[in-house]
Amino acid sequence: MSVLILGVRGMLGQALAQEFSGAGYEMTSCDRAELDITDRVLVLEKIGALKPQIVINAAAYNSIDKAETEDRDLAFKINGEAVGYLVEAAARVGAFFVHYSTDYVFRGDRKDGYTEDDAPDPQSVYAKSKFEGEKKVIGQYLIRTSRLFGPAGIGDSVKKSFVDVMLKLGGEKKELDLVDEEVSSPTYVVDLARATRELIESSAPAGIYHCTNFGACTWYEWAKKIFELTKLNVKLNPVPANKFPRPAKRPKFSKLLNTKSPPLRKWEDALAEYLAPEKK
Ligand SMILES: NC(=O)c1ccc[n+]([C@@H]2O[C@H](COP(=O)([O-])OP(=O)(O)OC[C@H]3O[C@@H](n4cnc5c(N)ncnc54)[C@H](OP(=O)(O)O)[C@@H]3O)[C@@H](O)[C@H]2O)c1
């Protein structure tokens with residue numbers, strides 16, 4: 001099978017490239033310099049020429065606060081409009097299309113979490129732009145995920161994951177204030193990439209899938225586990241979210257309930273693997 005991975009220099013893009021090439025797929029990938037997904041003509045040309053059997057889109061605009069203050073149009077272009085171009089291009093060559101969205105499309109007031117069938121109610125520009133993209137993916141795989149961590153991407157716009165930020169701060173500070181709110185599920189990109197391949201290979205019906213590591217935590221609880229596993233001696237103070245005002249509103253509870261596909265391992269186990277000494 002031939003697969004085209006877009007956004008390959010991002011955190012998930014890198015993991016997908018490793019997963020699909022390791023599994024023997026005929027893989028082609030593009031970064032932003034090779035294919036700007038907001039250029040419809042180029043998207044149709046490139047995908048038309050490559051004729052992959054599967055197109056996986058890991059490209060996205062992910063600066064949640066900047067989307068709120070200065071990049072609204074860009075966020076909608078990349079996360080919304082461009083997804084429509086990719087769907088169109090994939091359909092023209094008969095390719096199956098896989099796209100990713102976020103727990104942030106939900107309002108965030110359901111303590112027990114959200115299933116694939118719950119209605120989105122996005123509360124920030126970033127979340128609204130991702131929801132715009134979701135609406136374009138019909139009859140394909142739409143995978144919602146949350147709080148990615150893993151080996152960092154290598155693209156110009158990629159951010160450090162929370163785990164890597166904590167590892168850096170843990171080496172510099174003796175004490176940290178961490179938000180003990182905003183419950184969601186950390187997700188290891190390596191597990192997500194494998195689950196994506198397995199979903200495609202399972203020929204499961206098209207539709208929305210929730211794919212995160214099992215369990216959920218606040219930022220404080222996540223940091224506590226990171227420092228416990230790395231034995232970094234940092235005093236953590238749990239604080240409310242309003243201690244760090246940010247431009248974009250975050251959901252308070254956005255655990256994604258997976259009711260349709262095999263569950264992934266617990267987030268603590270995936271984190272332990274990422275932090276294993278030989279991987280640091
Ligand atoms: N990270 C999370 O915690 C999280 C949570 C929930 C859902 N998700 C979703 O998971 C997916 C993967 O996220 P990620 O964290 O791996 O993203 P990432 O590391 O930020 O990578 C995104 C990639 O998209 C590329 N890109 C941006 N604009 C582009 C354009 N116009 N044309 C082509 N490529 C473009 C970037 O390229 P350059 O770097 O070269 O600009 C970058 O390589 C996204 O759909 C994201 O919304 C992520």
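As the structure lists them, so they are numbered: ligands from 1, and atoms in each ligand from 1.
- Residues in residues 24-34 take part in these side-chain hydrogen bond (donor to acceptor under 3.5 Å, both in side chains) pairs, two or more places apart or across chains: Tyr25-Glu201.
- Regarding atom 19 (O) of ligand 1, its nearest protein heavy-atom neighbour is Met11 N, 2.9 Å.
- In this structure, Lys135 is positioned above the aromatic face of Phe131, its NZ or CZ under 6.0 Å from the six-membered ring centre and within 45° of the axis.
- For Tyr61 and Phe76, the ring centers are positioned 6.0 Å apart or more.
- Not one N or O of Gly13 is nearer than 3.5 Å to an N or O of ligand 1, by distance alone.
- Some N or O of Arg32 is nearer than 3.5 Å to an N or O of ligand 1, by distance alone.
- Counting only non-hydrogen atoms, the option in Gly155, Ala33, Ala58 that gets closest to atom 23 (C) of ligand 1 is Ala58.
- Ser101 and Glu134 are linked by a side-chain donor-acceptor pair at a separation below 3.5 angstrom, with hydrogens and angles left out of the test.
- A donor-acceptor pair under 3.5 Å links the side-chain atoms of Asn258 to the main chain of Lys260, judged by distance alone.
- The nearest protein atom to atom 32 (N) of ligand 1, hydrogens excluded, is given as Ile37 N, 3.0 Å; this is a heavy-atom distance.
- Near Leu12, meaning under 4.0 Å from one of its heavy atoms, ligand 1 places the atoms 12 (C), 16 (O).
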What donor-acceptor contacts under 3.5 angstrom involve side-chain atoms of residues 148-156, with partners at least two apart or in another chain?
none

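- Of the N or O atoms in Ser157, one or more lie within a sub-3.5 Å distance of an N or O in ligand 1.
- In this structure, CG on Leu169 lies 11.0 Å from CG on Asp164, to the nearest 0.5 angstrom.
- Between atom 42 (C) of ligand 1 and the options Asn57, Val43, Leu42, Val158, the minimum heavy-atom separation is to Val158.
- Of all the heavy atoms of Ser101, the ones lying under 4.0 Å from any atom of ligand 1 belong exclusively to the backbone.
- Near Asp156, meaning under 4.0 Å from one of its heavy atoms, ligand 1 places the atoms 38 (P), 39 (O), 40 (O).
- When non-hydrogen atoms are compared, ligand 1 lies under 4.0 Å from neither the backbone nor the side chain of Asn79.
- The distance from ligand 1 to the heavy atoms of Tyr126 drops below 4.0 Å at these ligand atoms: 47 (O).
- The distance from the CE atom of Met166 to the NZ atom of Lys160 is 11.5 Å, given to the nearest 0.5 Å.
- Contacts between Asn62 and ligand 1 below 4.0 angstrom, taking non-hydrogen atoms only, involve the side chain exclusively.
- Side-chain contact check for Asn213 and Ser185: no donor-acceptor pair (N or O, by modelled atom type) lies under 3.5 Å.
- Evaluated by nearest non-hydrogen atom to atom 5 (C) of ligand 1, the leading choice among Arg147, His99, Lys160 is Arg147.
- In this structure the side chain of His99 reaches within 4.5 angstrom of the side chain of Val83, judged on heavy atoms.
- Residue, atom and distance of the protein heavy atom nearest to atom 11 (C) of ligand 1 are Tyr100 CB, 3.9 Å.
- Annotation for ligand 1: atoms under 4.0 Å from non-hydrogen atoms of Asp36 are 30 (C), 31 (N), 32 (N).
- In the model, Tyr274 has no side-chain atom that pairs as donor or acceptor with a side-chain atom of Asp191 under 3.5 Å.
- Nearest to atom 44 (C) of ligand 1 among the protein's heavy atoms is Ala60 CB, 3.4 Å.
- Nearest to atom 21 (O) of ligand 1 among the protein's heavy atoms is Gly10 CA, 3.2 Å.
- Residue nearest to atom 48 (C) of ligand 1, selected from Leu148, Asp103, Val83: Leu148 (by heavy-atom distance).
- The side chain of Lys130, and not its backbone, has at least one atom closer than 4.0 Å to an atom of ligand 1 (non-hydrogen atoms only; side chain from C-beta on).
- Residue Thr102 has no nitrogen or oxygen atom sitting less than 3.5 Å from a nitrogen or oxygen atom of ligand 1, judged on distance alone.
- Checked against a 3.5 angstrom limit, the closest N/O atoms of Lys159 and ligand 1 fall outside it.
- Backbone and side-chain nitrogen or oxygen atoms of Ala59 are examined, and none is located within less than 3.5 angstrom of a nitrogen or oxygen of ligand 1.
- Hydrophobic clustering (side-chain heavy atoms under 4.5 Å, transitive across Ile, Leu, Val, Met, Phe, Trp, Tyr) groups Phe227 together with Leu271.
- Residue-level proximity to ligand 1 for Phe162 is absent, since no heavy atom of it falls below 4.0 angstrom.
- Shortest contact from atom 6 (C) of ligand 1 to any protein heavy atom: Thr145 O, 3.3 Å.
- Less than 4.0 angstrom separates some heavy atom of Leu35 from each of these atoms of ligand 1: 32 (N), 33 (C).
- In this structure, a donor-acceptor pair under 3.5 Å is absent between the side chains of Ser63 and Tyr126.
- Counted by atom type alone, Asp103 and Ser146 present zero donor-acceptor pairs between their side chains at under 3.5 Å.
- Remark: Lys266 is not positioned above the aromatic ring of Phe214, lacking an NZ or CZ atom under 6.0 angstrom from the ring centre and at most 45 degrees off the axis.
- Note that Arg147 lies in the cation-pi zone of Trp219, set by a 6.0 Å cut-off to the ring centre and a 45° limit from the axis.
- Below 3.5 Å of separation, one finds no N or O of Ile78 facing any N or O of ligand 1.
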